[in-house]
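Notes to accompany the following structure.
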There are 2 protein chains.
Amino acid sequence: MERLSKRERHQQLNKLIEENPFLTDRELTRLLKVSIQTIRLDRLELSIPELRERLKMMAERSYDSVRSLPLDEVIGEIVDLQLDKSGISLFEIREEHVFSRSGIARGHYVFAQANSLAVAVINDEVALTASADIRFVRPVRLGEKCIAKAYVRSSGSQRGLSKVEVFTYVGEEKVFHGNFVIYRSHTAIAGETEAEGGNIL
Amino acid sequence: MERLSKRERHQQLNKLIEENPFLTDRELTRLLKVSIQTIRLDRLELSIPELRERLKMMAERSYDSVRSLPLDEVIGEIVDLQLDKSGISLFEIREEHVFSRSGIARGHYVFAQANSLAVAVINDEVALTASADIRFVRPVRLGEKCIAKAYVRSSGSQRGLSKVEVFTYVGEEKVFHGNFVIYRSHTAIAGETEAEGGNIL
DNA sequence: TATCGATTGGCACCAGGTATCAATAGGAAC
DNA sequence: GTTCCTATTGATACCTGGTGCCAATCGATA
């Protein structure tokens, strides 16, 4: 109703855009009760790009992350995979993976990379982690690139349990070691699997 | 160079858009050597929306996933916490946590809940998982609510390592069991911690 | 030869802006 | 009071990346 001060309006504007980046200038005039020119001057001052640019940035971000890190699927980028033998995946520790106070990676991310790889390397339709024995050898810090290497130790019985050993390194230094027991439903799949399709883990 | 048939061009177009959804019609005319009108008729026939709509869809998808998956902080909601003694957290298995084919939760989410809780229950400034020995007792499925209970077994030496045992249940049924060894930097903190602030794990 | 699908050109129009200039309101300083 | 300054608003031209529509052309085919 009553007009806000410029400062207050700028705060409001920032908040509104953050909450809903899909707002057009016209919709913002309704919410902030000022003219569209004022909205545009405000965006200029606050360096808030226009709607289309905002959408484009979001799309690019999601596109990039889909390419390199399908977050809800595999943790880490699998760069080499020899089914029922070995595999390698890369995972870079970023802001969102660390304790903000110490800059040290939360354990479950390091585990997730290893677990993802251990499951991916199993050549079967359904593969599930049954148990694991893991050691966090040294803390991993923000910015470090984790290289996980998995080796299938016993592809053993056609059906049942396989053992997979995973080592994670930062450079030459070992940071994680895990022994996974993976449950497999059936026998190995003939030919190709969906591993590369990102559907295994 | 030479013109492709309509059918071939349509295949090419689909492929190009899939590879790079950021292409404008003008850029497509360069790539396919036909007029911009043809490109637009083709998109119409193939139901390929215009650039801005494509970007908007991608932006919405990424926006939704950011909203629904706060993977970066604590996994699970801590509902009870007695520092250096015990803790309880809840975690519901949703679409984004399961293998799409089987509806079974990815192991690292179940682990993450237990790991988060094991670290949160430790009354110290810095607490890190040193090692863990875990068993996935039975698969957890979409929609199931996991109740993790952590017990500090040896708050032991003021400085150094603590053992935390975590059991995860769905209803009465045990689905996960883990023995965690947690490294703690200092002695216990006096009074409050930041556990409720979501900054511990 | 007539006809038909595929292709192209042209024009009006749209959303959601940028860029720029001018007008107005309101308060503070002189 | 008058001047000065900021904030706000109005108005216009222009831009991109389209949609929608109509007409013209080309080439093969009946």
Side-chain angles (χ1 to χ4, degrees), chain A residues 1-71, chain B residues 1-69:
Chain A
M1 286 311 197
E2 72 290 0
R3 293 291 175 75
L4 303 164
S5 79
K6 192 177 179 178
R7 210 155 289 230
E8 290 172 309
R9 195 184 57 239
H10 280 192
Q11 289 187 328
Q12 276 288 325
L13 182 58
N14 265 323
K15 192 178 153 199
L16 284 168
I17 294 286
E18 192 176 350
E19 279 174 5
N20 183 2
F22 298 86
L23 290 169
T24 65
D25 287 0
R26 200 166 304 274
E27 291 169 316
L28 289 166
T29 64
R30 274 198 311 105
L31 298 170
L32 294 177
K33 314 284 187 199
V34 289
S35 74
I36 200 163
Q37 289 84 351
T38 302
I39 296 290
R40 286 169 180 171
L41 286 172
D42 286 353
R43 277 200 299 99
L44 203 66
E45 286 185 66
L46 297 173
S47 306
I48 298 172
E50 63 171 293
L51 170 63
R52 289 156 182 165
E53 286 305 311
R54 298 198 297 271
L55 295 186
K56 195 174 170 187
M57 285 165 58
M58 294 177 68
E60 274 168 351
R61 226 184 5 185
S62 93
Y63 190 66
D64 288 350
S65 74
V66 164
R67 290 277 123 163
S68 64
L69 188 117
L71 229 161
Chain B
M1 287 310 198
E2 74 288 1
R3 293 292 174 77
L4 303 164
S5 79
K6 193 176 179 180
R7 209 156 291 229
E8 290 172 311
R9 196 184 56 240
H10 279 192
Q11 289 188 329
Q12 276 287 327
L13 182 57
N14 266 323
K15 192 178 151 198
L16 284 168
I17 294 284
E18 193 176 350
E19 280 174 4
N20 183 3
F22 298 86
L23 290 170
T24 65
D25 288 357
R26 200 166 304 275
E27 290 170 319
L28 288 166
T29 63
R30 275 199 310 108
L31 297 170
L32 293 177
K33 314 286 187 199
V34 290
S35 75
I36 201 162
Q37 290 83 352
T38 303
I39 296 289
R40 287 170 181 171
L41 287 174
D42 286 354
R43 276 200 300 99
L44 203 65
E45 286 186 67
L46 297 173
S47 306
I48 298 173
E50 63 170 292
L51 170 62
R52 289 155 182 167
E53 287 305 311
R54 298 198 298 270
L55 295 186
K56 196 174 170 187
M57 286 165 58
M58 295 175 67
E60 274 168 351
R61 225 184 7 185
S62 87
Y63 191 65
D64 288 351
S65 74
V66 165
R67 289 278 125 164
S68 67
L69 191 108

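Note on naming: letters A, B, ... go to the chains in the order of the sequence lines (proteins, then strands), and numbering restarts at 1 for each one.
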- Task: Please name all residues satisfying salt bridge (Lys or Arg N to Asp or Glu O under 4.0 Å) with B:R54, sequence neighbours left out, ordered by chain then number.
- Result: none
- Message: Over all strands shown, is B:R54 touching base, sugar-phosphate only, or nothing at heavy-atom distances under 4.0 angstrom?
- Response: nothing
- Task: Round to a whole Å and report the spacing from CZ of A:R43 to C1' of C:dT18.
- Result: 9 Å
- Which whole-number value in Å describes the distance from B:R7 CZ to C:dT7 P? 12 Å
- Message: Between A:K6 and A:D42 (salt bridge meaning N to carboxylate O under 4.0 Å), is one present in this structure?
- Response: no
- Message: Whole angstroms only, please: what is the NZ-C1' distance between B:K56 and D:dG17?
- Response: 15 Å
- Give the rounded distance in Å between these two atoms: NZ of A:K6 and C1' of C:dG27. 15 Å
- Between B:L55 and A:M58, is a side chain to side chain contact (heavy atoms under 4.5 Å, CB included) present by the stated rule, with each step listed? CA-CA 8 Å; B:L55 295 186; A:M58 294 177 68; over 6 Å; no
- Which heavy atom in B:L23 sits nearest to a heavy atom in B:L16, and how many Å separate them? CD1-O, 3.9 Å
- Task: Please determine if a side-chain N or O atom of B:R9 lies less than 4.0 Å away from the OP1 or OP2 oxygen of C:dA6.
- Result: no
Listed pairs, N/O of protein and of nucleotides 9-16 of chain C, under 3.5 Å:
| residue | atom | partner | partner atom | Å |
| --- | --- | --- | --- | --- |
| C:dG9 | N7 | B:Q37 | NE2 | 3.2 |
| C:dA15 | N3 | A:R52 | NH2 | 2.8 |
| C:dG16 | O4' | A:R52 | NH2 | 2.8 |
| C:dG16 | N2 | A:R52 | NH1 | 3.2 |
| C:dG16 | N3 | A:R52 | NH1 | 2.9 |
| C:dG16 | N3 | A:R52 | NH2 | 3.2 |

- Rounded to the nearest Å, what distance is computed from the CD1 atom of residue A:I48 to the P atom of nucleotide C:dT18? 11 Å
- Task: Figure out the CD/P separation between A:E45 and D:dT8, and round it to whole Å.
- Result: 9 Å
- Message: I'd like to check A:T29 versus A:V34 (side-chain heavy atoms, cut-off strictly below 4.5 Å). Are they in contact?
- Response: no
- Check the distance between C:dG17's C1' and A:E27's CD and give it to me in whole angstrom. 14 Å
- A:L32 CG to D:dA7 C1', straight-line distance once rounded to whole Å: 15 Å
- Note on the structure: Here the pair of heavy atoms bringing B:P49 nearest to B:E53 is CB-CB, 3.8 Å
- Task: Indicate, with a heavy-atom threshold strictly under 4.0 Å, whether A:L41 touches base, sugar-phosphate, or nothing.
- Result: base
- Message: Could you check whether any side-chain heavy atom of B:D25 comes within less than 4.5 Å of a side-chain heavy atom of B:E50, counting everything from C-beta outward?
- Response: no
